[in-house]
Chemist: 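Take a look at this one; I'll ask things after.
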2 protein chains.
Amino acid sequence: MNAKTRQRRPAFDREAGVAIAQALFHERGYDAVSLADLTNAMDIKPPSFYAAYGSKAELFERAMLRYAQENALPLDELLAPDRPPAEALPALLLAAAKQYGRDSVLRGCMITEGMRADDPAARRMAESLASGGLQAIRAYLDQAHPQDAESLADYVSVTLRGLSASACNGMPHERLTQVARTAGRFIAHELEADEPTTAS
Amino acid sequence: MNAKTRQRRPAFDREAGVAIAQALFHERGYDAVSLADLTNAMDIKPPSFYAAYGSKAELFERAMLRYAQENALPLDELLAPDRPPAEALPALLLAAAKQYGRDSVLRGCMITEGMRADDPAARRMAESLASGGLQAIRAYLDQAHPQDAESLADYVSVTLRGLSASACNGMPHERLTQVARTAGRFIAHELEADEPTTAS
DNA sequence: CTTGTCATGTAGCGTTCACTACATGTGGCG
DNA sequence: CGCCACATGTAGTGAACGCTACATGACAAG
């Protein structure tokens, strides 16, 4: 009677349900997706839903975690400690713009937009997850460009939020990436003006 | 029996009701404000509400128009046709950041954030109002810096959206204005590099 | 086969949503 | 005063919300 033999009859794939929820939440946002939408899409009834996920908000958290795992930008590569900010930050912005506008229906950053949910619990979950990414940017800049780490981190954060929101409202992929390139060029110009780094 | 003598007994100030609605919608967003919230705040009952305003969405439109009239940035001054972009665009961003973070509870741009409402009718109203401002920016740049008017207009638009969203999520006033100054400095650097205008 | 455990479906919980039919009572007007 | 138009409050509409009590039925264990 080992534990573990007890979860026979899965009868519906819980992880697949999280994937379905992830798509719905990403497409429409937390508040605009109802329990009925979720249970219909998963083809289960509410009691199964609550047995599997606990609540709509908990499922939202699992969906955001799944989103972060498979869609999050590779911050550790983009912001590798030895990469100069004049190269890393533009690359980060461009990668974000490309992802936010890639899919015609799953637009923007699911977590960034989750921070604007009406439900306070869902909003706090999203804010908590987002703070991880912001801290990574801040930590990178603290070691790579400490003289205005906060200012630059805020600038990047605001630009990312603007890109996500604009993507959600339909700004096409090319214009999003163009804005990201513009912002990246601005950053590079300023950083290279301050410290011409090595050669030239 | 002239018309006009017929609207005796106002009994509640409809324009004051619009002001109350403006504050509620700005603070919480369209979806998060219920009819009960509105009628309680105005101290009227639903029938009076519908007699006066038609529907929640129509009142939202009137509230946004009121917001635009009294809070909108003076685009015609900020973007005066003879003002150089390297001066006008930073001024616009800074003015927006100051306004978005001015009040501790009425944060961000009511119209910008209205574009993210779940209700399609409300969203379209907000998008329609916002397009006016964007067209003003675009028209200014078409005559002041035609070589990359679209790119610059998109950059400004995205930055404004990022500032509004960040303000709504609590970024303090000083950091908002700092980001606006950073973005403005970036724009000025690039524009001055391209065309040193007149004197050195 | 019997029993126990569990996820399931049926049905419905209480609440809130935007919105409205209807009766009331006040005011201007003749 | 009598009339009547009209904004008002009472009360409630049907629908949707997130969520759950309960009975059903399938499986593994004995």
Side-chain angles (χ1 to χ4, degrees), chain A residues 1-18 20-21 24-25 28-64 114 117-126, chain B residues 1-18 20-21 24-25 28-64 114 117-126:
Chain A
M1 206 188 281
N2 305 332
K4 186 82 165 300
T5 58
R6 246 299 163 235
Q7 72 278 29
R8 69 280 173 76
R9 193 142 66 98
F12 84 94
D13 186 339
R14 283 156 154 72
E15 212 51 46
V18 177
I20 292 174
L24 283 176
F25 283 135
R28 301 188 219 158
Y30 180 78
D31 302 293
V33 177
S34 71
L35 246 314
D37 293 331
L38 291 164
T39 54
N40 287 341
M42 297 181 192
D43 197 34
I44 60 172
K45 307 298 171 186
S48 302
F49 178 93
Y50 282 92
Y53 306 115
S55 72
K56 185 190 172 188
E58 288 177 58
L59 176 58
F60 182 58
E61 185 164 37
R62 289 187 59 172
M64 282 196 296
D118 287 336
D119 184 288
R123 198 168 53 233
R124 261 171 305 198
M125 290 174 182
Chain B
M1 208 188 283
N2 305 334
K4 185 82 166 295
T5 57
R6 247 301 164 233
Q7 72 280 26
R8 70 284 176 73
R9 192 140 68 97
F12 84 93
D13 186 338
R14 282 155 154 70
E15 211 52 44
V18 177
I20 292 173
L24 283 176
F25 283 135
R28 301 189 220 159
Y30 180 79
D31 302 293
V33 176
S34 72
L35 246 314
D37 293 332
L38 291 165
T39 54
N40 286 342
M42 298 181 192
D43 197 33
I44 59 173
K45 308 297 171 185
S48 303
F49 178 92
Y50 282 92
Y53 306 115
S55 73
K56 185 188 170 187
E58 289 177 58
L59 175 59
F60 182 57
E61 186 164 36
R62 289 186 59 173
M64 281 196 297
D118 287 336
D119 183 288
R123 199 168 51 234
R124 259 171 305 198
M125 289 173 182

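Order of the sequence lines sets the chain letters (A, B, ...), proteins ahead of strands, with each chain counted from 1.
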Chemist: By nearest atom, which of the nucleotides dC17(D), dT8(C), dC19(D) is closest to the Ser48(A) side chain?
Modeler: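 Closest nucleotide to the Ser48(A) side chain: dT8(C).
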
Chemist: Once you round it to whole Å, what is the distance between C1' of dC6(D) and CZ of Phe49(B)?
Modeler: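 It is 19 Å, rounded to the nearest whole Å.
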
Chemist: I'd like to check Val33(B) versus Phe60(B) (side-chain heavy atoms, cut-off strictly below 4.5 Å). Are they in contact?
Modeler: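 Not touching, per the 4.5 Å side-chain cut-off.
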
Chemist: Tell me whether the OP1 or OP2 atom of dA16(D) has a side-chain N or O from Ser34(A) closer than 4.0 Å.
Modeler: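 Negative; the distance criterion is not met.
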
Chemist: Starting from P on dA7(D), measure out to CG on Asp13(B) and report it in whole angstrom.
Modeler: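 Nearest whole value for this atom pair: 15 Å.
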
Chemist: Mind calculating the distance between CG (Asp31(A)) and C1' (dG18(D)) to the nearest angstrom?
Modeler: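 After rounding, the gap between these two atoms is 13 Å.
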
Chemist: Nearest heavy-atom pair of Tyr50(B) and Ser55(B): which atoms, and what distance?
Modeler: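 Scanning both residues, the minimum pair turns out to be CE2-CA, 3.8 Å.
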
Chemist: Write down the distance between OH (Tyr53(A)) and C1' (dC19(D)), rounded to a whole number of angstrom.
Modeler: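 Atom OH in Tyr53(A) sits about 17 Å away from atom C1' in dC19(D).
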
Chemist: Send over the distance from Asp118(A) CG to dA16(D) P, rounded to a whole Å.
Modeler: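 Taking atom P of dA16(D) as the reference, CG of Asp118(A) is at 20 Å.
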
Chemist: Checking all strands, does Lys45(A) fall into the base, sugar-phosphate, or nothing category for heavy-atom contacts under 4.0 angstrom?
Modeler: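 Lys45(A): base contact, heavy atoms under 4.0 Å.
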
Chemist: Please report, rounded to the nearest Å, how far the C1' atom of dT10(C) is from the CD1 atom of Ile44(A).
Modeler: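 After rounding, the gap between these two atoms is 15 Å.
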
Chemist: So does Lys56(A) pair up with Glu61(A), basic N to acidic O under 4.0 Å?
Modeler: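 No.
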
Chemist: Between Pro46(B) and Leu35(A), name the one whose nearest nucleotide on DNA chain D is closer to the 5' end.
Modeler: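 Counting from the 5' end, the first nearest nucleotide belongs to Pro46(B).
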
Chemist: Rounded to whole angstroms, how far apart are CZ on Phe60(B) and P on dC17(C)?
Modeler: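 About 17 Å, once rounded to whole Å.
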
Chemist: Looking only at heavy atoms, which two atoms of Asp119(B) and Tyr30(B) are closest? And how far apart?
Modeler: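 Taking every non-hydrogen atom into account, CB-CE2, 3.5 Å.
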
Chemist: Let me know the distance between OH of Tyr50(B) and P of dT8(D), rounded to the nearest Å.
Modeler: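 About 15 Å, once rounded to whole Å.
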
Chemist: Any idea which of dT8(D), dG18(D), dT10(D) is nearest the Pro47(B) side chain?
Modeler: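 Of all the options, the side chain of Pro47(B) is nearest to dT10(D).
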
